[in-house]
2 protein chains.
Amino acid sequence: MSSNRIDVPVKYQKWWGWADEDAKPYEVGSKPKFPVFAQEKLGVDILAKELVTPRFEDLDVPASVLTDELRGRLVEVLGEKNLSTHDEIRVVHAYGKGVRDLVRVRRGQLERIPDVVVYPADEAEVEAVMAACLEADAVVIPYGGGSNIVAALEAEPGEKRQVVTVNMGRLNKVLEIDETAGLARIQAGTLGPDMEDQLNARGWTLGHFPDSFMWSTVGGWIATRSSGAQSDKYGDISEITRGLRMVMPAPRESGKSTQVLDLRPLPSYSSGPSVREMVLGSEGRLGIIAEAWMNVHKLAEVREIQAYFYPNYDAGLKAAEQISNSDATPMMVRVSDANETQFSMANGKKSSTMGHYVNQAMQKVMLAKGWNLADICISFVGYEGDATHVRYNKSIVNKIVKANGGMGVGKGPGTLFDQKKYDIPFIRDFLLNIGIPADVSETATPWSRVKEIHDETVKAAEKAFAETGHRGFIMCHVSHSYSSGACQYFTFAVADGSETSMDSYDHVKRAVQQSFMDHGGTVSHHHGVGEEHSPWMEQDISPAGVHVQRKLFEGVDPGRNLNPGKIVHDGTPGISSNSSDA
Amino acid sequence: MSSNRIDVPVKYQKWWGWADEDAKPYEVGSKPKFPVFAQEKLGVDILAKELVTPRFEDLDVPASVLTDELRGRLVEVLGEKNLSTHDEIRVVHAYGKGVRDLVRVRRGQLERIPDVVVYPADEAEVEAVMAACLEADAVVIPYGGGSNIVAALEAEPGEKRQVVTVNMGRLNKVLEIDETAGLARIQAGTLGPDMEDQLNARGWTLGHFPDSFMWSTVGGWIATRSSGAQSDKYGDISEITRGLRMVMPAPRESGKSTQVLDLRPLPSYSSGPSVREMVLGSEGRLGIIAEAWMNVHKLAEVREIQAYFYPNYDAGLKAAEQISNSDATPMMVRVSDANETQFSMANGKKSSTMGHYVNQAMQKVMLAKGWNLADICISFVGYEGDATHVRYNKSIVNKIVKANGGMGVGKGPGTLFDQKKYDIPFIRDFLLNIGIPADVSETATPWSRVKEIHDETVKAAEKAFAETGHRGFIMCHVSHSYSSGACQYFTFAVADGSETSMDSYDHVKRAVQQSFMDHGGTVSHHHGVGEEHSPWMEQDISPAGVHVQRKLFEGVDPGRNLNPGKIVHDGTPGISSNSSDA
């Protein structure tokens, strides 16, 4: 596979799915229960489907409209090697990795793909690239790991100007660690694994592990307000990010094209509206983040993930709420609903009736308790600290689990979960290969509405499945807990493998997002807005909130050169415009 | 005193100092050691000074320029009773309660005081008031408890338009509590004590206790990014504030004057640049906050403040840093430097040599350890939770204290500290009465620069004292701890009771603020920017950061009607313009 790879100065990515061709794909053969599960839930014989790897030769790639003048300026800054107008490279950077992105790219639906991809080496080159683009009135789109799933990496369909995608992958170093303050200065293009390797080597960790970890970067996390599996302890990226530098347009009156925002690392501050919190979540609309000072922590002495079962989701939610307001400070509290619990069991390698999580002995105990096995929910609670702290926290959690009718089942399932936590995109690629689009939506609500938004969203999705005329499946887990509420993370699939699959998918996606709005949720908890979620922004932060964001973008980027159309959309966003012609 | 009070629909405030005339002033007679301390440190015989209460009759109050037209519209909205052009009321609202404010008001230096003070009853009235003001092109300044110390409540000196101060004191209710989520919807004008009374009655607390607690409001805390004595546990106000409603100008194209920003309560979100974090710290420049959803907590079972002594400040800082990165989660970690430790001891009621904190027995122990009594530092660590949690946390802290050469001295001093924590403004009023201006400045830095910024700031202040030709005193404590750094809170006094006192004070204040900038600190940790700190904003958040804030303000308030001149200053800010004519 790698023999005909294009030579790029960053980590190679395949154009039609997650990761590169060397990554181990989902192996359905080793999961004897999954075909049965898929047959039951989606009515699809996944083993009968032929796996097709799309061929790049089948694509009709729009020609680059990069002018010789801009090209000349960019070559001057970067050198020939660090700029590419190669078709495959431009296609790789055309979209993120949402299911609609994958479908579009596989079908050759290439709209306004970048005219050139540039690979700057440092902040000075990023600034020179932006200056060249602003002076040429080109559009600038920053690109980290490319794993965005909310259509934040693509140019607007009707864009007439040149489109330059800035791949940040060469800015991939932990530049320094302030060991006293626990602050690391990290370049924005550093991918999760590369960053942890560099930090771990010196005994530190960022503690930020989103599902996209393998293919997402520090800058991307900041630009989307990311959150990770251990954020209950380490904080969302908005808390971890203490200072940063961002290349942005200069005020017109300055006579310069660009300037660098420099926010020094500060534990807290009272210096007016938070510019730091404007850059967080800005998705490229205010500038390109070059580096950031991130709060890092010494690797914990003990780390362990315990699994618990509850008779139903209600009990699991109640326990999560109580844990989040107890004296315990776990690093992770995850509760799967019954559907997700069954999905997890079906993905086990063993073929026992209930899978690798629940063995016969456990089943007996559950049945003796009067539990309905179709309703049971698995929960993972993660602990870190010294041995005393972990023991103390477990004792608090154990009491709460018990008070809510749950039972602990030890470390086994948690260890397995920990090993497999980055595999979900491969399952999605596999499903898409056999014609089942699947993706995720997450939302945060106060605890008082967590159950409501779960039940109503499942109901809305099921209604939407029925309306498409195809079978569908939706499952959910609590992924993050806060004192006042939680994030629930939904995964859904619709068994439409036909040409209308994106109509079906969009119909469900719209129902899910609208349910979030109708039941006190946010458009997104940590994936961002992009074009995908922009239609719901006025419902989320009110028209006045969108007005404030719009004025901010207009003020900072009066020429609309910086990733225009994201978050606050002036035209028709993708999710509605694409739904009928996909 | 209260016999000739003006009748106002909110809590009465005196015009020349903290609180009202009924509040118990600082009683120097009961503090036998304080005169000795003042003589030694400032060279002032404070008992020989005559206490003068300023007389309102001596003031020359500028006439109101409120037009009949705007007055008519405001009366229509509010009724005659809830609007005042009375001289004393306008003077009360002319300034905040910084030392420069108090000096100016006592000297009758009334620049551009409000033309009218209005008291709306609810959000609808706030909106109608703002609409009337915007249509009349008047300036609108929101006013909560009036305790601002960064010149955020005053109109710009040359302001030609009408100035309307909106006293929010009638919006003083906890409207509802979501007991499942731990969220309370609270009106912006609710003063600290009123709010805690309403919450406590139902078993809840906000856990937010700034030094200004008695005279500050929920809306004021949000508008300045406040922090309180227990924020290490409950979070700064930026974390506590989950949702809010703010009255603000509407986009011109809407044809309306005003709109209401509505941010629903959410534990976290990924919906673009955080509008919530733009309102936090906006100091009236984006709108008037009407109410907020605040994260509240059940009152803790156990609450206790333990005192510890360290041989010197270094040891105390090191311990605070280690505590903040340990498994312990105290609600407060406070460490006073040697100067502040001595000040505290001098403020005790007992007359023993070392005061109420360190008795003879303790002194013997300290001397036996080889400590220099002039260097010792007191530290308070607060604990909350159930009994087990408090015990567990104390055991972690005790180990850290011991490892840094410190010793615990029990609960006595902490209990006393807790009772007296809101008394500092009365000491300041007392000092000002005898001609010693004193005030506070706080800053946050990474742990790696905490000692540096402390020592260099003390040095800078001492140099500045010498340059004024007057004696001065500066002391400091760590007030808030974070994983990556801490806030240090400086109090300083300069013994210039002459006409040039504000020159002297400003000279010192400038030296302190510049030292913050030179040593990695922020202009303010929780008091805000106002006009006072705006000269340092470009050094703090870089010129690009100020540019971003400016564009935000211009976009949202193109007419510059909302508290113009604060945070981002277009003219000459107060601290420099007033220094030569005070």
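Reminder, nothing fancy here: chain letters follow the sequence lines and each chain counts from 1.
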Exercise. What part of H297(B) gets closer than 4.5 Å to chain A, counting heavy atoms only: side chain, backbone, both or neither?
Worked result: side chain
Exercise. Looking at T445(A), V279(A), V150(A), which one has more heavy-atom pairs under 4.5 Å with chain B than the rest?
Worked result: T445(A)
Seminar exercise, completed: Highest number of heavy-atom pairs under 4.5 Å with chain B among G182(A), S238(A), G521(A) belongs to G521(A)
Exercise. For I541(B), is it the side chain, the backbone, both or neither that has a heavy atom under 4.5 Å from a heavy atom of chain A?
Worked result: both
Exercise. Given the options S483(A), G243(A), P267(A), which has more heavy-atom pairs under 4.5 Å with chain B than any of the others?
Worked result: P267(A)
For this session: Find the distance between OG (S542(A)) and CZ (R245(B)) and round it off to the nearest 0.5 Å.
Result: 8.5 Å
Exercise. D386(A) versus chain B, heavy atoms under 4.5 Å apart: side chain, backbone, both or neither?
Worked result: both
Seminar exercise, completed: In terms of heavy-atom pairs under 4.5 Å with chain A, the winner among K551(B), M248(B), R276(B), E277(B) is E277(B)
Exercise. Got more than 12 heavy atoms from elsewhere within 6.0 Å of NZ, K298(B)?
Worked result: yes
Exercise. Out of G520(A), A250(A), P251(A), G485(A), which one racks up the most heavy-atom pairs below 4.5 Å with chain B?
Worked result: P251(A)
Exercise. Side chain, backbone, both or neither: which part of Q539(B) has an atom under 4.5 Å from a heavy atom of chain A?
Worked result: backbone
For this session: Inspect the surroundings of NZ in K256(A) and state if more than 12 heavy atoms from other residues, nucleotides or ligands are less than 6.0 Å away.
Result: no
Exercise. Which atoms of H547(B) come close to chain A, meaning under 4.5 Å heavy atom to heavy atom: side chain ones, backbone ones, both, or neither?
Worked result: side chain
Seminar exercise, completed: What one should report as the nearest heavy-atom pair of T180(B) and K318(A) is CG2-NZ, 4.3 Å
Problem set entry | For the student: nearest non-hydrogen atoms of A444(A) and S268(B), plus distance | CB-O, 3.5 Å
For this session: Identify the two heavy atoms, one from S271(B) and one from T522(A), that lie closest to each other, and give their separation to 0.1 Å.
Result: OG-OG1, 4.1 Å
For this session: Check each atom of V260(B) against the heavy atoms of chain A and say whether the ones under 4.5 Å are side chain, backbone, both or neither.
Result: backbone
For this session: Scan side-chain atoms only and decide if H389(B) and Y392(A) contain a donor-acceptor pair under the 3.5 Å cut-off.
Result: yes
For this session: Identify which part of A486(B) has an atom lying under 4.5 Å from any heavy atom of chain A, answering side chain, backbone, both or neither.
Result: backbone
Problem set entry | D540(B) side chain near R264(A) side chain, heavy-atom distance below 4.5 Å | yes
For this session: Could you grab the distance from atom CG of D178(A) to atom CZ of R449(B), nearest 0.5 Å is fine?
Result: 9.5 Å
Problem set entry | Region of D236(B) that comes under 4.5 Å of a non-hydrogen atom in chain A | side chain
For this session: State, to 0.1 Å, how close Q549(A) and P273(B) come at their nearest heavy-atom pair, and which atoms those are.
Result: NE2-O, 2.9 Å
Problem set entry | Reported CD-to-OG distance for the pair E179(A) and S448(B), which is rounded to 0.5 angstrom | 11.0 Å
For this session: Pick one of side chain, backbone, both or neither for M278(B), based on which atoms fall under 4.5 Å of a heavy atom in chain A.
Result: both
Problem set entry | Side chain, backbone, both or neither of E554(B) within contact of chain A (heavy atoms, under 4.5 Å) | neither
Seminar exercise, completed: Output for pair (L266(B) CG, T443(A) OG1), nearest 0.5 Å, gives 7.5 Å
For this session: Heavy-atom pairs under 4.5 Å with chain A are the metric here; pick the option from S226(B), G281(B), G530(B), G385(B) that has the most.
Result: G281(B)
For this session: Could you have a look at E442(B), E283(B), M537(B) and say which one has the most heavy-atom pairs with chain A under 4.5 angstrom?
Result: M537(B)
For this session: Supply the atom-to-atom distance S270(B) OG to L280(A) CG, rounded to the nearest 0.5 angstrom.
Result: 10.0 Å
Exercise. What part of S282(A) gets closer than 4.5 Å to chain B, counting heavy atoms only: side chain, backbone, both or neither?
Worked result: both
Exercise. So, S484(B) versus N295(A): side-chain donor-acceptor pair below 3.5 Å or not?
Worked result: no
For this session: Any chance you could lay out the side-chain contact (heavy atoms from CB on, under 4.5 Å) test for Y269(B) and R225(A), step after step, and finish with the verdict?
Result: CA-CA 8 Å; Y269(B) 49 79; R225(A) 300 183 70 87; 3.8 Å; yes
Seminar exercise, completed: Of the listed V450(A), L261(A), I567(A), the one with the largest count of heavy-atom pairs under 4.5 Å with chain B is L261(A)
Problem set entry | Which portion of T388(A) sits near chain B, non-hydrogen atoms under 4.5 angstrom | both
Problem set entry | Residue, of G272(B), P446(B), P265(B), that accumulates the most heavy atom pairs under 4.5 Å with chain A | G272(B)
Exercise. Checking D327(B) against chain A: side chain, backbone, both or neither under 4.5 Å from a heavy atom?
Worked result: both
For this session: Indicate yes or no: at least one non-hydrogen side-chain atom of V548(A) is less than 4.5 angstrom from one of L552(B).
Result: yes
